[in-house]
2 protein chains.
Amino acid sequence: MFSQAEENYLKAIYALEEKLQKNISTNILASKTQTKASSVTDMLKKLAIKQLITYKKYQGVQLTKTGKDAALIVVRKHRLWEYFLVNKLNYGWDEVHDIAEQLEHIKSETLIDRLEKFLKSPKFDPHGDPIPDKDGKIMRIKTVNLLELKVGQKGVLDNLKDSSDEFLKYLNKKNLALRDRIKVIDIEPFDNSIHIETKTHQLVISKKVAGNLNIKI
Amino acid sequence: MFSQAEENYLKAIYALEEKLQKNISTNILASKTQTKASSVTDMLKKLAIKQLITYKKYQGVQLTKTGKDAALIVVRKHRLWEYFLVNKLNYGWDEVHDIAEQLEHIKSETLIDRLEKFLKSPKFDPHGDPIPDKDGKIMRIKTVNLLELKVGQKGVLDNLKDSSDEFLKYLNKKNLALRDRIKVIDIEPFDNSIHIETKTHQLVISKKVAGNLNIKI
DNA sequence: AATATAATTTAGACAAGGCTAAAAATATAA
DNA sequence: TTATATTTTTAGCCTTGTCTAAATTATATT
């Protein structure tokens with residue numbers, strides 16, 4: 001079907017569209033895919049020929065329906081494999097990204113649906129991100145950013161805006177995990193740092209950290 | 001470490017060495033890897049530079065210790081993934097080869113050992129072939145070819161010489177599986193076909209088929 | 001509006017891994 | 001032991017996906 005490189009570009013474009021809600025520029029895509037802008041341009045031409053994206057020179061790029069479907073399949077595979085790695089092989093949530101990055105490209109008509117069944121059709125991956133179903137449908141949960149909470153408000157840590165290994169390791173160190181119940185104790189107006197409380201402890205997090213935490217109220 | 005292509009060549013050379021017990025020729029390797037002889041020659045040069053094989057022009061090729069170790073890791077990964085696919089995802093033994101062929105190239109320091117642990121350290125894959133341990137050690141079981149049995153002798157179907165999908169499908173159709181207890185009822189001198197009996201039924205198999213069945217007495 | 005800066009694309013190159021066709025080496029046979 | 005056939009290697013080319021450097025287009029600034 002598609003090459004690994006193609007799948008990686010599709011996935012990257014999809015992720016950026018979700019985040020930025022606009023046409024994706026060559027440069028941003030280059031930094032996301034760890035390549036150079038010129039390489040991106042080359043690939044965009046190929047993807048455009050295959051009707052996976054809409055691409056007009058200098059205008060940035062957008063997934064077509066076909067392209068989005070293809071991207072969602074890759075996302076589905078990635079997240080199901082992450083779930084497998086964490087819940088069956090006992091990896092930490094900060095260790096699975098690179099391996100899932102490889103596993104997501106395994107080609108098979110049937111593998112991923114069998115894997116899903118084996119895992120009992122989980123709806124969310126270890127970072128709280130929704131796992132698209134067979135048809136690319138995603139279960140969206142309404143959450144608010146921790147920054148939006150007022151003093152005294154409570155909620156449950158549902159998912160992360162940034163799931164980089166570094167950030168995950170930070171959360172590990174601070175003993176914060178998905179599903180933790182969080183209460184805002186105080187907000188420091190000077191630097192917007194937030195004093196929070198969980199079942200087990202209290203801590204102060206920076207504005208930057210809080211901005212990465214999405215809360216289900 | 002090694003590229004997929006390199007790993008595939010190493011595995012192919014290993015398999016052929018096991019089977020033929022001599023230097024492996026360019027042509028044989030080409031047919032095993034589904035490439036052309038000229039491509040094989042190119043790759044052999046690269047593998048020789050990396051000290052994975054001993055290669056003298058026109059003389060065929062042999063794995064070095066390092067090369068054999070590398071090949072055994074690939075075999076280990078292939079067989080553990082096959083075991084996973086059959087025993088966890090409920091694939092048939094005739095459906096897993098192509099997928100395992102991809103999974104065996106996933107790169108990770110820790111993945112395969114965790115997978116092994118998860119699977120409870122199986123010693124044999126779904127085709128009865130031994131799974132090398134972490135250090136490349138293989139458990140060898142003494143078996144004899146079904147052709148060597150005399151009328152009246154009994155044994156257990158332990159492994160297959162040819163594990164191609166076609167042959168596996170044949171065995172499925174004839175209701176023959178690993179661990180089946182087999183008794184030789186009669187041998188037809190005219191064409192060397194063999195009349196056998198299992199727990200559940202009797203059947204006649206050709207010389208060619210019998211030659212692919214290894215029996216533990 | 002003209003110009004400086006930033007973003008993007010083009011042109012040309014490279015590495016990996018494959019191919020075909022031709023040349024060279026080895027093996028087989030008369 | 002030549003002659004023929006087979007096997008292997010070499011030479012040169014192709015595709016994919018990447019890169020650098022240069023050229024082009026868009027954007028920002030004065």
Side-chain angles (χ1 to χ4, degrees), chain A residues 1-13 16-17 19-20 22-63 67 70-71 74 98 101-102 104-107, chain B residues 1-13 16-17 19-20 22-63 67 70-71 74 98 101-102 104-107:
Chain A
M1 205 62 192
F2 305 116
S3 70
Q4 285 202 197
E6 286 170 337
E7 289 187 345
N8 283 336
Y9 277 95
L10 291 174
K11 190 174 56 134
I13 297 168
L16 290 168
E17 281 186 350
K19 190 175 180 183
L20 308 177
K22 58 173 181 185
N23 275 24
I24 305 308
S25 76
T26 303
N27 260 359
I28 290 179
L29 207 39
S31 77
K32 186 91 176 179
T33 55
Q34 314 260 52
T35 59
K36 301 294 169 172
S38 55
S39 311
V40 172
T41 301
D42 286 349
M43 181 56 89
L44 293 184
K45 288 179 191 167
K46 293 176 200 169
L47 295 176
I49 288 169
K50 296 195 178 184
Q51 317 247 41
L52 296 166
I53 59 172
T54 335
Y55 169 58
K56 277 206 294 270
K57 276 192 193 176
Y58 297 100
Q59 302 307 132
V61 68
Q62 232 183 304
L63 290 175
V74 181
D98 291 349
E101 204 81 344
Q102 300 175 64
E104 75 192 8
H105 299 296
I106 301 293
K107 255 87 183 157
Chain B
M1 205 62 192
F2 305 116
S3 70
Q4 285 203 195
E6 287 169 337
E7 289 187 345
N8 284 334
Y9 277 95
L10 291 173
K11 189 174 55 133
I13 297 168
L16 290 168
E17 281 187 350
K19 191 175 181 182
L20 308 177
K22 59 173 181 183
N23 275 23
I24 304 308
S25 77
T26 304
N27 260 359
I28 289 179
L29 206 38
S31 77
K32 184 91 175 180
T33 56
Q34 314 258 50
T35 59
K36 303 294 168 173
S38 54
S39 310
V40 171
T41 302
D42 286 348
M43 181 56 90
L44 294 184
K45 288 179 191 167
K46 293 176 199 168
L47 295 177
I49 288 170
K50 296 193 178 183
Q51 317 245 43
L52 296 166
I53 58 172
T54 333
Y55 169 57
K56 277 206 292 271
K57 278 191 194 179
Y58 297 98
Q59 302 306 133
V61 67
Q62 233 184 303
L63 291 174
V74 181
D98 291 349
E101 204 82 342
Q102 300 175 63
E104 76 192 7
H105 300 296
I106 301 292
K107 256 90 185 156

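Every chain is numbered from 1, with letters handed out A, B, ... down the list of sequences. Here the structure is a predicted model, which means the values were calculated and not measured.
- One atom, CG of A:Asn27, and another, C1' of C:dA6, lie 9 Å apart when rounded to the nearest Å.
- Using a 4.0 Å cutoff to heavy atoms of chain B, the contacted part of DNA chain D runs 5' to 3' from D:dT7 to D:dT10.
- Between the side chain of A:Lys107 and the main chain of A:Phe2, a donor-acceptor pair closer than 3.5 Å is present.
- Contacts of A:Ala37 with the nucleic acid, taken as non-hydrogen atoms under 4.0 Å apart, include base atoms.
- Comparing C:dT26, C:dT20, C:dG18 by their nearest atom to the side chain of B:Ser38 picks out C:dT20.
- Under the side chain to side chain contact (heavy atoms under 4.5 Å, CB included) rule, A:Val61 has a single partner from A:Asn23, A:Leu29, A:Ile28, which is A:Leu29.
- Taking the side chain of B:Tyr58 as heavy atoms from C-beta on, and the options C:dT20, C:dA25, C:dT8, the nearest nucleotide is C:dA25.
- B:Leu47 places its CG atom 13 Å from the C1' atom of C:dA16, with the value rounded to the nearest Å.
- Here the closest non-hydrogen pair linking B:Thr26 and B:Ala37 is CG2-O, 3.5 Å.
- Among the atoms of the strands shown, base atoms are found under 4.0 Å from some heavy atom of A:Ser39.
- With a cut-off of 3.5 Å on both Watson-Crick or G-U wobble distances, the partner of C:dA22 is given as D:dT9.
- No side-chain heavy atom of B:Val74 sits under 4.5 Å from any side-chain heavy atom of B:Leu10.
- What separates CZ of B:Phe2 from C1' of C:dA16 is a distance of 16 Å, to the nearest Å.
- Rounding to the nearest 0.5 angstrom, the gap separating the CD1 atom in B:Ile49 from the CG atom in B:Leu44 is 11.5 Å.
- Toward the 5' end of DNA chain D, the nearer of the two residues B:Leu44 and A:Ser3, judged by each one's closest nucleotide, is B:Leu44.
- When every heavy atom of A:Lys36 is checked against every heavy atom of A:Ala30, the shortest pair comes out as C-CB, 3.8 Å.
- Base contact: A:Thr41 has a heavy atom under 4.0 Å from a base atom.
- Looking at B:Tyr9 and B:Thr33, their side chains come closer than 4.5 Å, going by heavy atoms from C-beta outward.
- One atom, CE of A:Met43, and another, P of C:dT10, lie 16 Å apart when rounded to the nearest Å.
- Shortest non-hydrogen contact noted between A:His105 and A:Glu7 is ND1-OE1, 2.6 Å.
- Nucleotide C:dT8 forms a Watson-Crick or G-U wobble pair with D:dA23, both donor-acceptor distances falling under 3.5 Å.
- In this structure, A:Asp42 atom CG and C:dC14 atom P are separated by 16 Å, rounded to whole Å.
- The stretch residues 48-57 of chain A touches DNA chain C through A:Tyr55, A:Lys57, each having a heavy atom within less than 4.0 Å of the strand.
- Looking at heavy atoms from C-beta onward, A:Asn8 lies in side-chain contact with A:Glu104 at the 4.5 angstrom threshold.
- Among the nucleotides C:dT10, C:dG17, C:dT26, the one closest to any side-chain atom of B:Gln59 is C:dT26.
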